[in-house]
Peer 1: 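Got a structure for you, questions after.
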Amino acid sequence: MSVRGALYAVAVQGDHAACATTDGVQFDGAVADLVRFVEQTETSVAEARWVWWAAAPAATPLVRAGLHLRRSWDLTEAHRLLVGGFEVGIDEIWAVAAGLDLAGRPAPSTGDLFDLRADDDAVVGAGGYLNPSCLQPDWQQAHLPDLARMAVVTADRQGALLSRRAHGMSTATSESGAALLCVELTVHGLPIDRPVLEQLITETAGPRPRDAADADRIRAARDQLVLRHVPGRGATDLRNPAHVRDLLHSLGVRVDDTRAWHLEPYRDLHPVVGALLDWRKAERIATTYGWSWLDRFIGADDRLRGTWTACDGGAGRMTAGAGLHSLPTPLRPAVAAEPGHVLVRADLGQVEPRVLAAVSADPDFAAATAQDDLYATVAQQLQLERPAAKIAVLAAMYGQTSGPAADALQRMERTYPRALRYLRTAAERGEQGQPVMTYGGRLVRSRPAADPAARRAIGRFTRNAVVQGAAAELFKAWALTVRDAVRPWGGRIVLCLHDELLVHAPAAHAGRTAQAVDDALQAAARRWTGGGPVRFVADIKVVQRWSEAKE
DNA sequence: GATTTCACGTA
DNA sequence: CGTACGTGAAATCC
């Protein structure tokens with residue numbers, strides 16, 4: 001089966017661009033003119049699907065120009081479904097789609113004057129491989145129409161391979177859409193209330209330093225809040241874990257490392273412990289989320305911008321730079337809707353166990369998803385208290401085998417044999433060095449492991465990857481449905497956080513937008529589960545600031 | 001100069 | 001001996 005729609009492949013390098021279909025090259029010219037060509041095609045060809053080797057270089061100029069593209073096919077994302085992994089060149093994508101042996105790929109030209117292959121300019125060379133020079137920007141710029149034509153061919157070949165895999169095609173279009181959404185997130189950014197953020201940073205990290213000497217003074221003052229508790233050891237470098245450990249040892253705090261959760265029990269032993277733990281929080285904001293972070297990542301339009309990727313190499317979640325996925329809670333009041341707008345904050349409830357119920361097709365576990373609080377039902381079925389039931393479910397998904405979960409896990413085995421078998425199989429495959437496949441048909445490779453402990457660690461990784469990865473696939477399907485559903489009301493997704501969505505929308509359409517986000521979940525879940533019995537729930541609230549309505 | 005270790009933020 | 005990611009500072013490797 002081929003990829004649905006009319007395929008238009010776009011290749012961009014610098015200021016130049018080309019577009020091709022199966023009928024041949026349709027456009028070859030400047031990026032500024034490509035924007036008009038794409039806009040015209042998007043409106044006149046209802047079934048247009050945009051194909052690119054990677055979303056970022058091709059789609060960024062289109063998104064910057066304000067275009068909204070409905071359908072895409074991302075060769076890099078589709079390739080990742082086929083073979084797993086992360087970093088790939090277009091030569092590898094081409095070879096895998098063509099069914100060629102990767103080992104036979106010609107080596108890239110060394111640029112050596114005596115390398116005669118540099119004279120061979122054919123796009124597809126001996127053995128059907130792409131010219132190894134295809135990874136070089138200047139070669140790409142000279143061959144953009146060819147790259148676009150090759151992209152159309154590759155998309156069709158990938159479609160033929162993925163259509164043999166359960167859910168392969170829908171996951172490929174979803175992951176492609178996620179990659180385009182990532183370009184939009186990168187371009188548009190997250191709205192920030194700059195005065196509030198500056199206030200919050202000032203409270204923890206101190207005022208904006210005037211110069212380097214001022215920065216040193218503020219830093220020393222912060223250190224002094226800790227060091228004043230240990231007279232005579234004022235030379236201790238708080239940023240050096242070994243120094244801190246020695247200091248703590250001298251006070252009778254016996255810890256191997258100085259991580260916060262090891263130190264927390266000693267908070268009352270000596271005032272320096274609490275001061276150190278408070279210092280760490282302030283230091284984190286000062287270094288990672290301080291003034292230089294603000295200057296680097298928040299634009300003149302008060303938008304926080306990081307680089308987004310649609311699918312990490314491991315479990316398959318979206319990732320984001322500029323600290324977007326680890327913004328400390330104290331700073332979240334600064335994430336705020338623009339005037340006349342609201343934020344619709346939606347997060348999935350207990351998504352991983354619900355996903356496990358769906359992907360393992362365990363009927364009794366699926367029945368538990370009917371309730372808003374899945375763990376309450378599981379507790380009844382296991383005849384345990386709710387906290388113990390929750391620990392048991394999480395232990396099963398994360399591969400914890402020791403501690404208080406052991407008895408509860410046996411009950412899980414008896415009550416939900418199908419779900420537990422699904423997890424055990426994934427763990428065993430990882431331990432044996434084999435890849436696992438997610439519900440959506442994405443291959444996750446297991447890393448090689450030498451000793452038994454490392455093999456078990458890989459087993460925990462693959463056990464978790466089939467759940468976390470499938471949850472990521474459902475999340476992306478939801479996010480893309482939301483992207484389309486909120487658009488008529490002027491809404492736009494501004495943040496994706498694994499199981500949480502933030503939509504920025506005009507205040508006048510707040511209610512409609514919130515309803516659209518909920519409807520989108522039901523529609524996406526129905527499609528994703530194939531109409532199965534598993535229920536998904538979301539907590540959805542209309543707020544001005546991200547920090548509101550957060551339990 | 002690049003890589004590893006420690007630490008910690010988020011889910 | 002619960003999973004993943006990104007970031008920064010210091011130590012370590014080459």
Peer 1: Can you check whether A:Gly440's main-chain N or O pairs, donor with acceptor, with A:Glu473's side chain at less than 3.5 Å?
Peer 2: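 Checked: pair present.
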Peer 1: Check if the side chain of A:Arg280 and the base of B:dA7 share a donor-acceptor pair of N or O atoms closer than 3.5 Å.
Peer 2: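 Such a pair does not exist between side chain and base.
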Peer 1: Main chain of A:Glu500, side chain of A:Arg345: is a donor-acceptor contact present, judged purely on distance under 3.5 Å?
Peer 2: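 Checked: no pair found.
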Peer 1: Students often get this wrong, so: under 4.0 angstrom with heavy atoms, is A:Leu394 touching a base, only sugar-phosphate, or nothing?
Peer 2: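 Answer is nothing: A:Leu394 stays at 4.0 Å or more from every strand.
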Peer 1: A:Leu497 CG to C:dA4 P: how many Å, rounded?
Peer 2: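 These atoms are roughly 18 Å apart.
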Peer 1: Using atom CG of A:Leu304 as one end and atom P of B:dG9 as the other, report the distance to the nearest whole Å.
Peer 2: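 Roughly 19 Å, once rounded to whole Å.
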Peer 1: Any carboxylate oxygen within less than 4.0 angstrom of a Lys/Arg side-chain nitrogen, looking at A:Arg267 and A:Asp278?
Peer 2: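 Judged by the 4.0 Å cut-off on N to carboxylate O distance, A:Arg267 and A:Asp278 do form a salt bridge.
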Peer 1: Measure the distance from CG on A:Leu502 to C1' on B:dA11 and round it to the nearest whole Å.
Peer 2: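 Going from CG in A:Leu502 over to C1' in B:dA11 covers 14 Å.
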Peer 1: Do A:Arg411 and A:Asp407 sit within salt-bridge range, that is, some charged N less than 4.0 Å from a carboxylate O?
Peer 2: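 Answer for the salt bridge query: yes.
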Peer 1: For A:Arg345 and B:dA11, give me the distance from atom CZ to atom C1', rounded to whole Å.
Peer 2: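 It is 12 Å, rounded to the nearest whole Å.
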Peer 1: Choosing from C:dG2, C:dT3, B:dA11, which nucleotide comes nearest the side chain of A:Tyr398?
Peer 2: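 Per side-chain heavy atoms of A:Tyr398, the pick is C:dG2.
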Peer 1: Tell me the interatomic distance from A:Leu474, atom CG, to B:dA11, atom C1', rounded to whole angstroms.
Peer 2: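 Atom-to-atom, A:Leu474 to B:dA11, this comes out as 15 Å.
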Peer 1: Calculate the interatomic distance between A:Ile391 atom CD1 and C:dG2 atom P; express it in whole Å.
Peer 2: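 That distance rounds to 12 Å.
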Peer 1: What contact category does A:Arg463 fall into here, base, sugar-phosphate, or nothing, at under 4.0 angstrom with non-hydrogen atoms?
Peer 2: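 It contacts nothing in the nucleic acid.
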Peer 1: Residues from residues 182-215 of chain A sitting under 4.0 Å of DNA chain C, heavy atoms only?
Peer 2: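 Within this stretch, nothing sits under 4.0 Å of the strand.
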Peer 1: Whether A:Arg460 contacts C:dG2 is assessed here as follows: a side-chain N or O lying under 4.0 Å from the phosphate OP1 or OP2. Is that the case?
Peer 2: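 No, outside the criterion.
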Peer 1: What nitrogen or oxygen pairs link the protein and nucleotides 5-9 of chain C at under 3.5 Å?
Peer 2:
unit_1	atom_1	unit_2	atom_2	d
C:dT7	OP1	A:Ala322	N	2.7
C:dT7	O2	A:Arg284	NH1	3.4
C:dG8	OP1	A:Arg296	NH2	2.8

Peer 1: Hey, are A:Ser174 and A:Arg527 close enough side-chain-wise for a donor-acceptor pair under 3.5 Å?
Peer 2: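 Not at all, the side chains of A:Arg527 and A:Ser174 share no donor-acceptor pair under 3.5 Å.
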Peer 1: Just how far, in rounded Å, is C1' of C:dG2 from CG of A:Leu409?
Peer 2: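 Spelled out: CG on A:Leu409 to C1' on C:dG2 is 11 Å.
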Peer 1: State which of C:dA10, B:dC6, B:dA11 makes the closest approach to the side chain of A:Asn240.
Peer 2: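 Of the candidates, C:dA10 comes closest.
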Peer 1: For DNA chain B, determine which residues of residues 247-270 of chain A have any heavy atom closer than 4.0 angstrom to one of its atoms, and list them numerically.
Peer 2: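 Residues of residues 247-270 of chain A under 4.0 Å from DNA chain B: A:Asp257, A:Thr258, A:Arg259, A:Ala260.
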Peer 1: Please check this pair: side chain of A:Arg245 against backbone of A:Asp257, looking for a donor-acceptor N/O pair closer than 3.5 Å.
Peer 2: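 No, A:Arg245 side chain to A:Asp257 backbone: no donor-acceptor pair under 3.5 Å.
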Peer 1: Do NZ/NE/NH1/NH2 and the carboxylate oxygens of A:Glu283 and A:Arg280 come within less than 4.0 Å?
Peer 2: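 No salt bridge links A:Glu283 with A:Arg280.
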Peer 1: Among B:dC8, B:dT10, C:dT3, which nucleotide sits nearest the side chain of A:Thr329?
Peer 2: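 Of the candidates, B:dT10 comes closest.
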Peer 1: Could you state the CG-P distance from A:Leu324 to B:dT10, rounded to the nearest angstrom?
Peer 2: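 To the nearest whole Å, that distance equals 14 Å.
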Peer 1: Looking at A:His270 and A:Val230, would you say the former's side chain and the latter's main chain have a donor-acceptor pair under 3.5 Å?
Peer 2: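 Judged by distance alone, no pair lies under 3.5 Å.
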Peer 1: Among the candidates C:dG2, C:dT3, B:dA11, find the nucleotide nearest to the side-chain atoms of A:His498.
Peer 2: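 My answer, after comparing the listed nucleotides, is B:dA11.
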Peer 1: Do A:Thr171 and A:Tyr439 meet the criterion of a side-chain donor-acceptor pair at a distance under 3.5 Å?
Peer 2: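 Absent: no donor and acceptor within the cut-off.
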Peer 1: As a test of reading the structure: which of B:dG9, B:dA11, C:dA10 is closest to the side chain of A:Lys281, going by heavy atoms?
Peer 2: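 Looking only at heavy atoms from C-beta outward on A:Lys281, the closest nucleotide is B:dG9.
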Peer 1: Answer yes if the ring centres of A:Trp308 and A:His325 are under 6.0 angstrom apart, and no otherwise.
Peer 2: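 Ring centres of A:His325 and A:Trp308 closer than 6.0 Å.
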